[in-house]
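Before any comments, here is the structure.
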Amino acid sequence: MSTEGGFGSLFEELTWRGFVNAVTHPELEAVLGREKITLYCGFDPTADSLHIGSLLPIMGLAHFQRAGHRPIPLVGGGTGLIGDPSFKAQERAMLTREQVDLNAEGIRRQLAHFLSFEGENAAVMLNNADWLCALPLVDFLRDVGKHFSVNVMLNRDSVKNRLTDRDHGISFTEFSYSLLQAYDFMHLYRTQECRLQVGGSDQWGNIVAGMDLSRRLCAAETYGMTFPLVTKADGTKFGKSEGGNVWLDPERTSPYAFYQFWINQADADTGAYLRYFTFLSRGEIEELDRLTREEPHKRAAQRRLAEEVTRLVHGEEALRGAQRAAEAMFGGDLAGLDERTLLEIFHDVPSTALPKDVLGADRTLLDVLAEAGVFPSKGEGRRMIRNGGLYLNSRRVDADDAKLDAGCLLTPALAVVRTGKKNYHLLRFE
RNA sequence: GGUGGGAUGCCCGAGUGGCUAAAGGGGACGGGCUGUAAACCCGUUGGCUAGCGCCUACGUUGGUUCGAAUCCAACUCCCACCA
């Protein structure tokens, strides 16, 4: 990992990497060049894990820290109780306080992977529940509320569509959200000398509101910067895979699935993703871009992307495991692998334990697999076989009355079932 | 509060008494091609069954009929317009 990409400044690097969507003041670039500042970015505790949608702001903070600035990842334990209405189609389900606390803790652990909490510009993790929940209502309305014009708030795009939508509307609770986030910025300016807030492009309004409030109440000169929305060339939403969201928590998205997510990215997207999600140097990334253009079938960029991001999020050891599993699953032949290796490779694949005597029980493979949950029904399984989509130990099963017997075993106790190209299921006989 | 319109399979949507497990599209899944890609082509898409076939299903509950997604009644929910 190196940041020596031949950039004159952090801002230049961020620009090249595509992190700069908008800045509130053009002079921010000069400020960052001559002083080390404190900046913050908020993370919503809507779940107990972040997903890769949050990876961009996290990487953003990390770049700032590498350049000597001091990042504050702020967990929205307080704002999470309210819910940010920005560009959300409808009112959000309210989270309980316990849930938010729990989620904040999970997120705190994940952020710790990306930022250094030691040294002179050590990152500081804060939770806005610590100050927001203690805020007296009347004081808040007098001191903070006074500075917000409802007329202006009503004109925000992020609120507007909720006003014209008769079905959903917006509650007072969510309408007030912006004030709380604005208060955060001011609070961090006062207590941490935080002068910059960064966030996704949907946060522009909230960031500007915070700058405004800081200026009015503290005469503070603060800045804002937004990151772009991560997009995909084919127009579908970034960050979803078959199973839904791609999470940073290995319990929710296994390192193997995580690795696969990146390796399957389209050619058109990998260049941008290498810039966003890795610390590779400009030279390395441009070389990978070239390889994608000249020999796309080798997918060198996808491989490197998957490797770098998986290492960053899950560590070296998990990366190795994911790579070995990929090799076995896509390299073709499973024969020759011993039981321990197989169990390791397939450890996050669903598996079913069966008593050893089903092997001699004259049962059909179809029957057993349906029972094991490989197919939701026998009809589905029959269809799968008819379409040539069922494989046992990498060999296609072509008869739906095939029997399950000792010949089906790959090792004395294991058989590997696959449907389609990449859906595996392990049968363990004990 | 009044008046209309609607509720169909994962989603959208056709279907106004038997030929309807329900057109068409999307999605999903499988196969082919390929680069574990995109695009494209082919197939599958309620359950049980080797098959004949049987069962379950068109908002809910009843009814009419030899026969109902289709007709009738009540109920529930949604939408539109008016006040």
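Just so it is clear: chains get the letters A, B, ... in the order the sequence lines come, proteins before strands, and each one is counted from 1. Everything numeric here is computed off the predicted structure, so don't read it as measured data.
Look at A/Glu287 and A/Arg290 and you find a salt bridge, because one of the NZ, NE, NH1 or NH2 atoms lies within 4.0 Å of a carboxylate O, short of that distance. A salt bridge does not link A/Asp400 with A/Lys378: every distance from a Lys NZ or Arg NE/NH1/NH2 to an Asp or Glu carboxylate oxygen is 4.0 Å or more. Under 4.0 Å is where a charged nitrogen must lie from a carboxylate oxygen, and between A/Glu327 and A/Arg324 no such pair does.
Using a distance-only test at 3.5 Å, with no hydrogens or angles considered, no donor-acceptor pair links the side chain of A/Asn128 to the main chain of A/Asp184.
Atom P of B/rG13 sits at a distance of 14 Å from the matching atom of B/rG59, rounded to the whole Å. Nucleotides B/rA21 and B/rG53 are separated by 12 Å at their P atoms, to the nearest Å. Nucleotides B/rU49 and B/rG5 place their P atoms 46 Å apart, quoted to the nearest Å. Annotation: B/rU61 and B/rG1 have their C1' atoms spaced 28 Å apart (nearest Å). Across the C1' atoms, B/rC66 and B/rG4 are found 37 Å apart, a figure rounded to whole Å. A gap of 44 Å separates the C1' atoms of B/rG30 and B/rC75, to the nearest Å. When the P atom is used for both B/rC71 and B/rC77, the distance is 23 Å, rounded to whole Å.
Here the C1' atom of nucleotide B/rU36 and the CG atom of A/Asp269 are 16 Å apart, to the nearest Å. The CD atom of A/Gln323 sits 16 Å away from the P atom of B/rU36 (whole-angstrom rounding). Counting to the nearest Å, the P atom of B/rC29 and the CZ atom of A/Arg383 are 15 Å from each other. For A/Glu380 and B/rG30, the CD to P distance is 9 Å, given to the nearest whole Å. Between the CH2 atom of A/Trp262 and the P atom of B/rG35 there is a distance of 24 Å, rounded to whole Å.
The 5' end of RNA chain B is approached more closely, in terms of each residue's nearest nucleotide, by A/Gly389 than by the other of A/Gly379 and A/Gly389. For the pair A/Met384 and A/Pro296, nearest-nucleotide mapping onto RNA chain B gives the more 5' position to A/Met384.
Across all strands shown, B/rU34 remains unpaired; no Watson-Crick or G-U wobble contact has both distances below 3.5 Å. Here B/rC19 sits opposite no nucleotide as a Watson-Crick or G-U wobble pair (both hydrogen-bonding atom distances under 3.5 Å).
Dashed line: the shortest gap from a side-chain N or O of A/Arg299 to OP1 or OP2 of B/rU36 is under 4.0 Å. Between A/Arg386 and B/rG31 there is no side-chain polar atom (N or O) within less than 4.0 angstrom of OP1 or OP2. Between B/rG46 and A/Lys378, no contact under 4.0 Å exists linking OP1 or OP2 to a side-chain N or O.
None of A/Thr411, A/Leu409, A/Leu414 except one satisfies the side-chain contact (heavy atoms from CB on, under 4.5 Å) rule with A/Phe429; the exception is A/Leu409.
Comparing B/rU36, B/rG30, B/rC48 by their nearest atom to the side chain of A/Ala326 picks out B/rU36. The side chain of A/Lys421 lies closest to B/rG31 when the candidates are B/rC48, B/rU49, B/rG31. Taking only side-chain atoms of A/Asn423, from C-beta outward, the nucleotide of B/rG30, B/rU49, B/rG32 with the closest atom is B/rG30.
By the 30° and 60° cut-offs, the orientation of the rings of A/Trp16 relative to A/Phe7 is tilted.
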